[in-house]
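Worksheet: one structure, shown below.
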Amino acid sequence: KWKALSSDSITKGYFSDEIEQLTTNQEKGALEWLVSLKEINANRERIEDQLIEVTYKDLTSKSEAVLARICAHFTIDLDGDWLQESCSALDEARKNEGDTLLLPPKMCSAFNEFQDQYGFEGHAVEK
């Protein structure tokens, strides 16, 4: 997976001069997140009707509404029993501070911009 992701990132011009600096799974995961969001944004107009964005925070805090929205998006009949069972299986959001995420300059900037755009806590620090 990493070979494909890094190759595709280089081909698309996403952080191609910084990829070799990524060594940890956390850093590589950040690249995957960044590339995914950049591809969504680049194709948003074309895929708009097919796209549904769900955050972990919303899924855990507004479970019923989010699951109903997902079902509607995929034209799945909403079963009340399933909805209640699914909502009861979801815990409250967990927060894991984890280690500081160190990223190369361009990736760090893009990562922090997306964190701010989505209202997510935490920022990466430049390597």
Side-chain angles (χ1 to χ4, degrees):
K1 180 179 177 180
W2 172 246
K3 286 180 183 180
L5 175 63
S6 58
S7 175
D8 289 349
S9 298
I10 291 168
T11 300
K12 294 265 187 177
Y14 295 132
F15 314 106
S16 53
D17 57 336
E18 296 182 335
I19 290 174
E20 288 184 14
Q21 298 175 49
L22 306 179
T23 56
T24 69
N25 288 334
Q26 188 180 25
E27 293 166 357
K28 293 173 182 179
L31 176 67
E32 183 173 9
W33 185 64
L34 290 169
V35 169
S36 297
L37 290 176
K38 285 183 171 289
E39 280 296 297
I40 287 169
N41 286 340
N43 295 286
R44 187 174 291 276
E45 198 172 291
R46 185 176 59 79
I47 64 173
E48 191 66 40
D49 293 343
Q50 300 168 36
L51 178 65
I52 183 170
E53 293 182 274
V54 175
T55 65
Y56 174 70
K57 180 181 178 182
D58 286 346
L59 180 62
T60 57
S61 66
K62 305 171 192 170
S63 303
E64 193 169 316
V66 170
L67 291 174
R69 188 165 60 93
I70 291 170
C71 287
H73 180 80
F74 290 104
T75 61
I76 298 170
D77 289 334
L78 187 59
D79 175 87
D81 291 338
W82 172 84
L83 182 61
Q84 291 306 312
E85 184 179 333
S86 298
C87 288
S88 67
L90 292 167
D91 294 335
E92 290 183 19
R94 296 183 186 107
K95 188 173 182 179
N96 179 354
E97 295 295 328
D99 297 330
T100 300
L101 178 59
L102 301 174
L103 293 174
K106 292 176 196 166
M107 283 186 65
C108 185
S109 177
F111 184 92
N112 291 337
E113 286 174 19
F114 278 125
Q115 288 289 95
D116 292 341
Q117 177 183 333
Y118 286 101
F120 295 158
E121 295 178 17
H123 283 86
V125 175
E126 201 171 300
K127 273 187 171 188

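What's counted below: heavy atoms across the whole structure, side chains too, no hydrogens, waters or symmetry copies. None of these values were measured; they are calculated from a predicted model.
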| request: Group every Ile, Leu, Val, Met, Phe, Trp and Tyr by side-chain heavy-atom contacts under 4.5 Å, then state whether Ile10 and Leu103 land in the same group. | output: yes
| Is there side-chain contact between Leu34 and Tyr14, with at least one heavy-atom pair below 4.5 Å? | no
| remark: For Arg44 and Leu51, the nearest pair of non-hydrogen atoms, with its separation, is NH1-CD2, 3.4 Å
| request: Please step through side-chain contact (heavy atoms from CB on, under 4.5 Å) for the pair Lys12 and Lys38, ending with a clear verdict. | output: CA-CA 10 Å; Lys12 294 265 187 177; Lys38 285 183 171 289; over 6 Å; no
| In this structure, are over 12 heavy atoms from other groups packed under 6.0 Å from Glu20 atom CD? | no
| task | Indicate if Tyr56 and Leu90 have the same hydrophobic cluster label, given that clusters are the connected sets of ILVMFWY residues with side-chain heavy-atom separations under 4.5 angstrom. | result | no
| How about Leu37 and Phe111: do any of their side-chain heavy atoms sit closer than 4.5 Å? | no
| remark: Interatomic distance, NZ@Lys3 vs NZ@Lys1, rounded to 0.5 Å, equals 15.5 Å
| said: Closer than 3.5 angstrom, by distance alone: can the side chain of Asp58 be matched with the main-chain N or O of Val54 as a donor-acceptor pair? | reply: no
| query | salt bridge (charged side-chain N to carboxylate O under 4.0 Å, His left out) between Lys127 and Glu18: does it pass, once the steps are laid out? | reply | CA-CA 11 Å; Lys127 273 187 171 188; Glu18 296 182 335; over 6 Å; no
| request: Answer yes or no: is there an ion pair linking Glu121 with Lys57, defined by an N-O contact shorter than 4.0 Å? | output: no
| Are Ile52 and Ile76 connected in the hydrophobic side-chain network, where two residues link if heavy atoms are under 4.5 Å apart? | yes
| field | Side-chain heavy-atom pair Val35, Asp8 within 4.5 angstrom cut-off | value | no
| said: Other residues, nucleotides and ligands only: do more than 12 of their heavy atoms fall within 6.0 Å of CG on Asp116? | reply: yes
| Which distance, rounded to the nearest 0.5 Å, do you find between the CD of Glu64 and the CG of Leu83? | 4.5 Å
| request: In sequence, state the C-alpha distance, the side-chain angles, and the governing distance for Phe15 and Leu22, and then conclude on side-chain contact (heavy atoms from CB on, under 4.5 Å). | output: CA-CA 11 Å; Phe15 314 106; Leu22 306 179; over 6 Å; no
| remark: Tightest non-hydrogen contact, residues Val66 and Leu59, listed as CG1-CD1, 3.9 Å
| said: Asp77 vs Trp82, test: side-chain contact (heavy atoms from CB on, under 4.5 Å). Steps then yes/no. | reply: CA-CA 10 Å; Asp77 289 334; Trp82 172 84; over 6 Å; no
| message | Classify the ring geometry of Phe120 against Trp33: parallel below 30°, tilted from 30° to 60°, perpendicular beyond 60°. | response | tilted
| task | Could you grab the distance from atom CD of Glu39 to atom OG of Ser9, nearest 0.5 Å is fine? | result | 9.0 Å
| said: Between Cys108 and Asn112, is the side-chain contact (heavy atoms from CB on, under 4.5 Å) condition met? List the steps. | reply: CA-CA 6 Å; Cys108 185; Asn112 291 337; 3.6 Å; yes
| query | How far does CD1 of Ile19 sit from CH2 of Trp2, to the nearest 0.5 angstrom? | reply | 6.0 Å
| field | Cluster overlap Ile40 with Leu31, hydrophobic side-chain contacts below 4.5 Å | value | no
| Looking at side-chain heavy atoms only, is the closest gap between Glu113 and Ser109 below 4.5 Å? | yes
| request: Using atom types as modelled and distance alone, determine if a side-chain donor or acceptor of Ser88 lies under 3.5 Å from a backbone N or O of Glu85. | output: yes
| said: To the nearest 0.5 Å, what is the distance between CE on Met107 and CD on Gln21? | reply: 9.5 Å
| field | For the student: nearest non-hydrogen atoms of Leu101 and Gln26, plus distance | value | CD1-CG, 3.5 Å
| message | Is it the case that the side chain of Glu126 and the backbone of Pro105 share a donor-acceptor pair, with hydrogens and angles ignored and the cut-off at 3.5 Å? | response | no
| query | Is Gln117 atom CD crowded by more than 12 heavy atoms from other residues, nucleotides or ligands, each under 6.0 Å away? | reply | yes
| note | When rounded to the nearest 0.5 Å, the distance separating CG of Leu102 from OG1 of Thr24 is 8.0 Å
